Amino acid sequence: MKRIAVMTSGGDAPGMNAAIRAVVRYGIKKGLEVYGIKRGYAGLLDEEIEPLSFASVGGIMEKGGTILRTSRCPEFVMKETRAEAAKILKRHGIDGLVVIGGEGSMHGAMFLAEEQKIPVIGVPGTIDNDIAMTDMSIGVDTCLNTVVDAIQKLKDTASSHERAFIIEVMGRSSGYIATVSGLVTGAEAIIVPEVPVNYEELSNRLLQERERGKINCIVVVAEGAASAYTVARHLEHRIGYETRITILGHIQRGGSPTAFDRLLASRMGVAAVDALLNGETSVMTALQGGKIVTVPLADVLKEKKKLDLHLLELAGLLS
Ligand code: F6P
């Protein structure tokens with residue numbers, strides 16, 4: 001293996017730059033030429049491929065987003081598109097590819113590896129923490145810290161005005177961001193797609209708590225469960241608080257990565273290069289019980305990552 005390439009794909013996640021830096025610097029130290037592919041699979045199809053040097057990735061670890069930029073590329077579900085991508089990689093002499101991204105990007109990586117026979121290693125990067133077989137993906141921790149900071153601020157104003165806030169967070173079809181951010185901010189309720197909500201029971205409980213003297217009410221709702229507007233329609237006028245809505249939106253994807261994400265990304269970037277050098281393909285780097293391992297992409301994509309319902313119980317117990 002002489003020349004490898006790295007790309008970021010799908011929704012950006014804080015820490016992707018630290019992963020790029022690790023792939024480039026470790027790759028070069030191992031005697032490889034490292035190329036960057038701009039704008040994910042779309043940029044690959046447009047042949048936006050350029051060499052990266054040791055110095056070109058200096059000062060990027062602390063930056064949010066991805067210096068390689070990213071995109072969603074729905075055409076990549078088609079076999080002909082992937083065959084074209086493989087041709088382009090071969091034409092550029094690229095012997096191995098590292099794809100940093102979410103679940104959709106891991107699907108693309110698996111097909112490129114298994115059907116087009118390109119050695120590909122996936123690195124999980126998404127704020128949603130919805131990729132199976134890894135305890136954490138790159139970007140989750142930074143996102144959680146951003147959400148917690150926002151909820152804390154909303155709590156200040158909620159208490160001052162004795163109001164309820166319905167706060168909608170991202171996560172696609174996963175309730176992970178809502179569960180953990182709700183737990184660690186002591187939210188009064190957490191609504192997630194994994195557990196059906198009974199609005200009647202919920203509003204009765206929130207009203208009782210209000211009558212017992214609570215002066216604010218924070219409800220965190222995962223976007224995959226319901227919109228904050230729907231939740232507000234069900235709860236307002238029934239829980240004894242004036243209600244406000246906040247949709248945190250894409251602020252959750254930005255910001256300088258936390259130490260945890262920088263470390264995870266650095267470890268995974270190095271592990272991805274090692275995997276290519278060891279002849280592995282169609283695998284993803286994963287964090288399992290504190291260790292970085294590689295797991296087959298086929299296994300990762302077979303199952304949906306389950307939300308740990310004990311976390312929800314814990315949140316309920318402590319709020
Ligand atoms: O997968 C990351 C994520 O931020 C999800 O939480 C969210 O549903 C989606 O991407 C938003 O996508 P886009 O940036 O394309 O609007």
Side-chain angles (χ1 to χ4, degrees), residues 7-19 38-43 63-77 99-110 122-151 166-182 190-194 220-231 245-258 260-261 264-265 268 284 286 297 300-301 303-307 311:
M7 66 152 83
T8 48
S9 162
D12 59 332
M16 281 182 162
N17 284 326
K38 294 263 180 78
R39 297 174 40 246
Y41 293 116
K63 290 203 168 93
T66 157
I67 59 152
L68 288 176
R69 306 209 285 273
T70 187
S71 65
R72 301 198 190 275
C73 182
E75 307 89 277
F76 220 72
V77 297
V99 177
I100 307 164
E103 211 192 352
S105 310
M106 293 303 112
H107 267 110
M110 184 184 75
V123 173
T126 167
I127 61 165
D128 300 331
N129 211 19
D130 60 349
I131 299 186
M133 299 185 78
T134 184
D135 298 341
M136 291 288 267
S137 291
I138 296 166
V140 175
D141 185 64
T142 308
C143 166
L144 284 174
N145 281 287
T146 302
V147 172
V148 166
D149 182 58
I151 296 178
I166 316 295
I167 304 166
E168 183 184 312
V169 299
M170 281 185 168
R172 212 177 278 278
S173 60
S174 160
Y176 183 84
I177 298 173
T179 301
V180 176
S181 63
I190 299 169
I191 300 176
V192 293
E194 291 84 351
V220 183
V221 56
E223 64 175 355
S227 87
Y229 290 97
T230 306
V231 176
I245 287 169
T246 300
I247 297 172
L248 291 182
H250 286 77
I251 196 167
Q252 294 163 92
R253 289 235 297 261
S256 181
T258 57
F260 181 92
D261 275 330
L264 181 65
M268 284 191 171
M284 185 187 82
L297 276 165
V300 170
L301 297 170
E303 56 178 282
K304 192 172 154 27
K305 187 179 174 79
K306 288 199 181 66
L307 179 69
L311 294 177

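Predicted model, so just to flag it, every value in this text is computed and none were measured. Whatever order the structure lists ligands and atoms in, that order sets their numbers, starting from 1.
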**Q** Among all protein heavy atoms in this structure, tell me which lies nearest to atom 6 (O) of ligand 1, with the distance rounded to 0.1 Å.
**A** Asp128 OD1, 2.7 Å
**Q** To the nearest 0.1 Å, how far is atom 16 (O) of ligand 1 from its closest protein heavy atom, and which atom is that?
**A** His250 NE2, 3.2 Å
**Q** Number the atoms of ligand 1 from 1 as they appear, then name those within less than 4.0 Å of a heavy atom of Ile127, with their elements.
**A** 4 (O)
**Q** With a cut-off of 6.0 Å (strictly less than), are more than 12 heavy atoms of other residues, nucleotides or ligands near NZ of Lys304?
**A** yes
**Q** Knowing that exactly one of Val220, Ile167, Ile177 qualifies, which makes a side chain to side chain contact (heavy atoms under 4.5 Å, CB included) with Leu248?
**A** Ile167
**Q** Between Pro14 and Gly255, which heavy-atom pair has the shortest distance, and what is it?
**A** CB-O, 3.6 Å
**Q** Answer yes when Arg253 and Asp12 have at least one side-chain N-carboxylate O distance shorter than 4.0 Å, and no when they do not.
**A** yes
**Q** Let's go through Val192 and Tyr176 carefully: what are the C-alpha distance in whole Å and the side-chain angles of both, what is the deciding distance for side chain to side chain contact (heavy atoms under 4.5 Å, CB included) to 0.1 Å, and is it a yes or a no?
**A** CA-CA 8 Å; Val192 293; Tyr176 183 84; over 6 Å; no
**Q** Please state which protein non-hydrogen atom is closest to atom 12 (O) of ligand 1 and give its distance, to 0.1 Å?
**A** Arg72 NH2, 3.0 Å
**Q** Check whether any N or O atom of Gly11, backbone or side chain, sits under 3.5 Å from an N or O atom of ligand 1, and answer yes or no.
**A** no
**Q** Check contact between Gly102 and ligand 1, using heavy atoms of the residue and a distance below 4.0 angstrom.
**A** no
**Q** Do Leu301 and His107 come close enough that some side-chain heavy atom pair is under 4.5 Å?
**A** yes
**Q** Only heavy atoms count here, so choose which of Arg253, Glu223, Arg172 is nearest to atom 11 (C) of ligand 1.
**A** Arg253
**Q** Would you name the heavy atoms of Ala265 and Gly15 that are closest together and state the gap between them?
**A** CB-O, 3.2 Å
**Q** Have a look at ligand 1 and work out which part of Gln252, if any, has a heavy atom under 4.0 Å from it: side chain, backbone, both or neither.
**A** neither
**Q** Counting from 1, what ligand 1 atoms have a heavy atom of Gly171 closer than 4.0 Å?
**A** 6 (O)
